[in-house]
Participant: 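Take this structure, written in structure tokens, and hold onto it; I'll ask about it next.
As the structure is a computational prediction, the values presented were derived from the model and not from experiment.
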Amino acid sequence: MNTDNNKVFKYLMNIDMIIAGFALIILVMITFFGVIMRYFLNNPFVWLQEVQLWCFTWVVFFGGGAAFRSGSHVAIDVLVDHMPAALKKIVEILGYLVSMAVLIYLLFHGKNLVQQLLQTGRVTNILGIPYPIIYGAFPIGCVLMIINYTMVMIKELTNKELNVEGGE
């Protein structure tokens, strides 16, 4: 039973990567077909920009949590790599705290943006997609990034394997 719970936990922890992956596939495919339709068949998709916005937003914010979890976010470690182990940990903790402050700030304002869009009832011009669906990824992604980065930091500071990364 414990292994089943672990598999469910792994799946739930990777749902952000699955959503970002599907959004990226859709983004690339519709952009490719949009170019074909516009330049070769002279019949552009009028809704293309709205779907691209949606996909791009979801790739960025859902992919951010997955990037923190897998350690594939952008980092410049040239100076930190040459520091003593104790100083490295201090720099990592300071980086974590700064990142958390920024993510909490973005979460707060992202939540306010979604609330404002809900109150105004704004929808996209062509497809009529409610903007809160598109921009809901903003606060959700911030929460996922906070959770994933916190889990990574706990793992690094305690040197314990949390075993939530993708794969079988």
Side-chain angles (χ1 to χ4, degrees), residues 5 7-34 45-77 80 89-158 160 162-167:
N5 290 339
K7 284 183 182 180
V8 170
F9 184 68
K10 278 185 179 182
Y11 175 75
L12 288 174
M13 289 307 298
N14 286 314
I15 202 158
D16 54 354
M17 194 178 310
I18 293 166
I19 292 170
F22 278 129
L24 182 62
I25 290 168
I26 292 168
L27 178 63
V28 170
M29 287 176 54
I30 65 165
T31 301
F32 174 76
F33 288 119
F45 296 137
V46 293
W47 47 265
L48 184 65
Q49 186 177 0
E50 290 181 8
V51 177
Q52 286 173 321
L53 170 68
W54 186 351
C55 290
F56 188 74
T57 303
W58 281 39
V59 166
V60 168
F61 287 103
F62 286 111
F68 273 115
R69 186 174 58 255
S70 65
S72 56
H73 58 284
V74 177
I76 302 172
D77 295 331
V80 178
K89 280 200 180 216
I90 292 171
V91 169
E92 286 178 5
I93 292 169
L94 288 174
Y96 170 78
L97 293 174
V98 169
S99 297
M100 286 301 110
V102 170
L103 287 170
I104 290 168
Y105 176 83
L106 291 174
L107 171 63
F108 176 75
H109 288 289
K111 178 188 68 74
N112 289 344
L113 172 67
V114 172
Q115 284 177 334
Q116 183 182 26
L117 292 170
L118 280 169
Q119 290 170 350
T120 59
R122 288 212 40 213
V123 296
T124 60
N125 293 333
I126 297 168
L127 295 176
I129 300 168
Y131 274 107
I133 291 174
I134 296 172
Y135 290 111
F138 189 169
I140 293 169
C142 287
V143 167
L144 291 172
M145 284 185 258
I146 289 168
I147 291 169
N148 285 309
Y149 197 17
T150 301
M151 290 175 63
V152 167
M153 284 304 294
I154 290 170
K155 176 183 162 187
E156 286 182 14
L157 293 175
T158 61
K160 288 186 181 177
L162 292 177
N163 200 18
V164 293
E165 292 182 13

Participant: Output, in order, the C-alpha distance, side-chain angles, deciding distance and verdict of side chain to side chain contact (heavy atoms under 4.5 Å, CB included) for Ile140 and Phe62.
Facilitator: CA-CA 8 Å; Ile140 293 169; Phe62 286 111; 3.6 Å; yes

Participant: Which residues satisfy the side-chain contact (heavy atoms from CB on, under 4.5 Å) test with Ile146, sequence neighbours excluded?
Facilitator: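 Scan of Ile146 (side-chain contact (heavy atoms from CB on, under 4.5 Å), adjacent residues dropped) gives Met100, Leu103, Ile104, Leu107, Thr150.
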
Participant: Would you say the side chain of Thr124 lies within less than 4.5 Å of the side chain of Leu53, judging by non-hydrogen atoms?
Facilitator: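 Result no, sub-4.5 Å side-chain heavy-atom pair not found.
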
Participant: Rounded to the nearest 0.5 Å, how far does CD1 of Ile19 lie from SG of Cys55?
Facilitator: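 Answer rounded to 0.5 Å: 12.0 Å.
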
Participant: CH2 of Trp47 to CD1 of Ile126: how many Å apart, nearest 0.5 Å?
Facilitator: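 These two atoms lie 10.5 Å from each other.
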
Participant: Report the residues that fulfil side chain to side chain donor-acceptor pair (under 3.5 Å) with Gln115, sequence neighbours left out, ordered by chain and then residue number.
Facilitator: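 Result, side chain to side chain donor-acceptor pair (under 3.5 Å) vs Gln115: none returned.
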
Participant: For residues Gly128 and Glu50, report the shortest heavy-atom separation together with the two atoms involved.
Facilitator: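 Looking at all heavy atoms of both residues, the shortest contact is N-OE1, 4.4 Å.
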
Participant: More than 12 non-hydrogen atoms from neighbouring residues, nucleotides or ligands closer than 6.0 Å to CZ on Phe56, yes or no?
Facilitator: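 Not more than 12 within 6.0 Å, no.
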
Participant: For Phe108, give me all partners under ring pair (Phe, Tyr, Trp, His ring centres under 6.0 Å), at least two apart in sequence or on another chain.
Facilitator: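 With neighbours one apart ignored, the set is empty.
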
Participant: How far does CE of Met153 sit from OG1 of Thr158, to the nearest 0.5 angstrom?
Facilitator: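 If I round to the nearest 0.5 Å, the distance is 10.0 Å.
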
Participant: Quick one: CD1 on Ile30 to CZ on Phe45, what's the gap to the nearest 0.5 Å?
Facilitator: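 Taking CD1 in Ile30 and CZ in Phe45, the distance rounds to 8.5 Å.
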
Participant: Identify the heavy atoms of Gly63 and Ala20 that sit nearest to each other, and give their distance.
Facilitator: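 Scanning both residues completely, I find the closest heavy atoms to be N-CB, 3.6 Å.
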
Participant: Which pair of non-hydrogen atoms, one from Lys89 and one from Leu157, has the smallest distance, and what is that distance?
Facilitator: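 Distance-wise, the nearest heavy atoms are NZ-O, 3.5 Å.
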
Participant: Between Tyr135 and Thr57, is a side chain to side chain contact (heavy atoms under 4.5 Å, CB included) present by the stated rule, with each step listed?
Facilitator: CA-CA 7 Å; Tyr135 290 111; Thr57 303; 4.3 Å; yes

Participant: Using a 4.5 Å cut-off on heavy atoms from C-beta on, say whether the side chain of Asn148 contacts that of Asp16.
Facilitator: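 Side-chain contact under 4.5 Å: yes.
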
Participant: Less than 4.5 Å apart, any side-chain heavy atom of Arg69 and any of Leu144?
Facilitator: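 The answer is no; the side chains never approach within 4.5 Å.
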
Participant: Mind telling me whether Trp54 and Trp58 have parallel, tilted or perpendicular rings, with 30° and 60° as the class edges?
Facilitator: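 Judged by the thresholds at 30° and 60°, the geometry between Trp58 and Trp54 is perpendicular.
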
Participant: Side-chain contact, heavy-atom cut-off 4.5 Å: Val152 with Glu156?
Facilitator: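 With C-beta onward as the side chain, the pair touches.
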
Participant: Do Phe33 and Leu48 come within less than 4.5 Å of each other through their side chains, counting heavy atoms only?
Facilitator: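 They are not in contact (no side-chain heavy atoms under 4.5 Å apart), so the answer is no.
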
Participant: Classify the ring geometry of Tyr149 against Tyr96: parallel below 30°, tilted from 30° to 60°, perpendicular beyond 60°.
Facilitator: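 Judged by the thresholds at 30° and 60°, the geometry between Tyr149 and Tyr96 is perpendicular.
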
Participant: For a 4.5 angstrom cut-off between non-hydrogen side-chain atoms, does Met145 reach Leu106?
Facilitator: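 No, too far: nothing below the 4.5 Å cut-off.
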
Participant: Of Ile129, Leu117, Ile134, which is the lone residue that meets side chain to side chain contact (heavy atoms under 4.5 Å, CB included) with Arg122?
Facilitator: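 Answer to the side chain to side chain contact (heavy atoms under 4.5 Å, CB included) test with Arg122 among Ile129, Leu117, Ile134: Leu117.
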
